[in-house]
Amino acid sequence: MFSDQALFFRQSGHGYLPNHGQQIDSQAILTGKNPSIQKLTTALVDQTATTHAASVVLDAKNGTVLGIASKSNLKNTNIALTNFPAASLVKIITAIYLLESGVRLDQETSYPARYQIAPNYQAIQTKEEPPRLTNLKNAFAYSNALAIAKFFWQLPGSAEDKLNQFLQVANRCGYNNQRLSDLKIPPPTIDDTPLRGGSESKQLLKLGRLASGFHSSYTNCLHQARLLAAITTDGKLPDVEILADKKSLLLKSEFPETSIASSNILKDLREMLAGVVSTGTAHKRAQAIFPDLAHEKIYAKTGTLIGQLPNSFYHPTYFPVIDGLKQWTVAEYQGIVVASVTCKPVEGHRGVVQELCFKTLSSICKSF
C-alpha cells in the first residue's frame, strides 16, 4: 500500500519516480556521492549474514545520498530501492497521527499481558491475565503493537474518519494510499474488548492492524531515509541527489513546501525515536556499538515482518516475493541517516539488520 509516492524501482524495464516524471534505467549503477562512504557502505552490506541486504546513507541536511549498497540473489534487483512491507516502521505514521490527535507521551492505555498473532493477523490472548499498562512513549519504544492499536481505537470518531486522517499523515510522509481503496471501512460499534475479535469490532480491528504494522504498508530504504531526515531537521522531505552511472541525478521533492508535522509534534516524535535507542527495541545492539550511548542522541525505529504475508498484500511491480524474516532499522546520528533492510538472515542472525545500520552509522561518524 502507499507505494506510488515512495521512490521505487521497477524490477524490469525502467524505474519510474512518479512524482518527478523521471526514468532510471533498471541496469543503471547507483552510487553515493562520497566515494569513501560508498566503499564502506558496500563492504558492510556484503559482510551481512543474509541472502538479501541493503543500506542507504543520507545527509539529513541536504538529501545527498552518500552511500547506497545492495546484495541479492535475485537478478536485476536493487534491494535498496525495492519496496517491502514496512511492518512496525508504519508506527512512525501512527505516532504522528496520535500526537496530532492530542495523545500525550505519558498517556497510558492497557493491553493484554499475553497474546499471539493468529494467521489472520488478529491478536488473541493465550492466557487469562490482568492487562498491563503502558504509556505512548514506551509503547513506541518497545514497538508494542497492541498498545499502539489500542491508542488508535480509543480516539473519537468513526473508523472511516480515522482511516482518512491516517492517510493524510501518510501522504505528507511520502506514502500513497492507492492500494488502500479496498479499506473503505463503515463505522463500527466500538466495544471494550476489540482484541477478542467480536463481530462488532472486526472492522476497527482491521484498521488497528494497519496502524500498528500488522496489516502492512510498503516502503524502501531511500524512502525511509528521507522520512527520518525530515523528522530530524525541518520537517520537509528533502530533494535527493544520487549518482546513476556516475552522473548526478536530482530527485525533486514532491511536496517541497509541506512539513510532515508541526515543530511541536516533531519534537515529541524525536523523543519517541530516541526512546527506541535508549531503552527500547534498538537498545541492546546500539549499546554494543556505541559504548557511550547514554551520552549520545540517536534517533531510530525498527521493524520486523515474520513469515510471508498473504498473496493479496503483494504487488510484483513494486517488489519481489521473498519468503521469511524481513527486518528494518533506520537511524540518525550527527546529521547522518542510515536506513537498512535485511531478508532471510542466516540462522541465528535475526538482529543482523540493527548491527548493519548502527555499525554503518558509527563507522561513518568516527571516520568522516
Side-chain angles (χ1 to χ4, degrees), residues 1-2 84-99 101 103 105 107-127 129 131-155 159 162-163 166 169-170 173 175 180 183 185 190 192-198 201-219 224 269 272-273 275-277 279-283 300-310 313 325-330 350-351 353-354:
M1 306 169 194
F2 310 147
F84 293 108
S88 287
L89 293 188
V90 80
K91 289 185 176 72
I92 293 175
I93 307 302
T94 310
I96 295 174
Y97 170 67
L98 292 174
L99 291 168
S101 300
V103 181
L105 294 183
Q107 187 167 325
E108 292 186 328
T109 192
S110 62
Y111 66 98
R114 295 177 180 271
Y115 65 92
Q116 64 182 14
I117 306 304
N120 61 358
Y121 294 91
Q122 293 189 27
I124 56 176
Q125 286 191 244
T126 58
K127 183 179 179 180
E129 197 172 301
R132 296 177 181 174
L133 286 175
T134 189
N135 61 36
L136 178 61
K137 181 179 177 180
N138 287 335
F140 187 85
Y142 290 96
S143 206
N144 187 328
L146 298 184
I148 293 291
K150 192 74 174 293
F151 279 115
F152 195 79
W153 291 325
Q154 290 173 333
L155 291 176
K162 295 178 198 290
L163 175 63
F166 179 86
V169 177
C173 293
Y175 288 90
L180 283 178
L183 288 181
I185 302 174
I190 302 176
D192 194 39
T193 56
L195 291 176
R196 297 181 186 275
S201 64
K202 284 184 178 178
Q203 299 293 356
L204 195 56
L205 182 62
K206 182 179 182 182
L207 188 56
R209 291 199 300 274
L210 168 67
S212 57
F214 289 145
H215 194 150
S216 199
S217 323
Y218 302 154
T219 190
Q224 284 301 318
L269 184 58
M272 295 168 76
L273 291 164
V276 172
V277 179
T279 62
T281 56
H283 176 73
K301 186 69 186 82
T302 63
T304 300
L305 179 74
I306 301 173
Q308 181 178 338
L309 288 170
F313 281 69
L325 190 72
K326 303 171 186 67
Q327 291 193 294
W328 297 93
T329 300
V330 56
R350 175 169 171 154
V353 69
Q354 291 189 28

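Side-chain atoms of S143 and S88 include a donor-acceptor pair closer than 3.5 Å. Side chains of T219 and Q224: a donor on one and an acceptor on the other come within 3.5 Å.
Taking CG of N144 as the start and NZ of K91 as the end, the distance is 8.0 Å to the nearest 0.5 Å. For the atom pair T134 OG1 and K150 NZ, the distance stands at 12.0 Å (nearest 0.5 Å). A distance of 11.0 Å separates OG1 of T94 from CG of L89, quoted to the nearest 0.5 Å. Note: K137 NZ to Y142 OH = 10.5 Å, rounded to the nearest 0.5 Å. Between atom NZ of residue K301 and atom CG of residue L273 there is a gap of 8.5 Å, rounded to the nearest 0.5 Å. L269 CG to L98 CG: the interatomic distance, rounded to the nearest 0.5 Å, is 11.0 Å.
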Go through the steps for L155 and V103 under the test side-chain contact (heavy atoms from CB on, under 4.5 Å), then give the verdict. CA-CA 9 Å; L155 291 176; V103 181; 3.8 Å; yes

Check step by step if side-chain contact (heavy atoms from CB on, under 4.5 Å) holds for C173 and I92. CA-CA 9 Å; C173 293; I92 293 175; 5.8 Å; no

Run the side-chain contact (heavy atoms from CB on, under 4.5 Å) check on T109 and L136 step by step: do they pass? CA-CA 8 Å; T109 192; L136 178 61; over 6 Å; no

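Of all non-hydrogen atoms in A95 and F140, the two that sit nearest each other are CB-CE1, 3.9 Å.
Under a 3.5 Å cut-off, the side chain of S212 and the backbone N or O of I148 do not form any donor-acceptor pair. A donor-acceptor pair is defined here as one N or O able to donate and one able to accept, closer than 3.5 Å; such a pair exists between the side chain of K162 and the backbone of F152. Without hydrogens or angle criteria, Q107 side chain to F151 main chain gives no donor-acceptor distance under 3.5 Å.
No option in T329, T302, V330 other than T329 meets the side chain to side chain contact (heavy atoms under 4.5 Å, CB included) test with V353.
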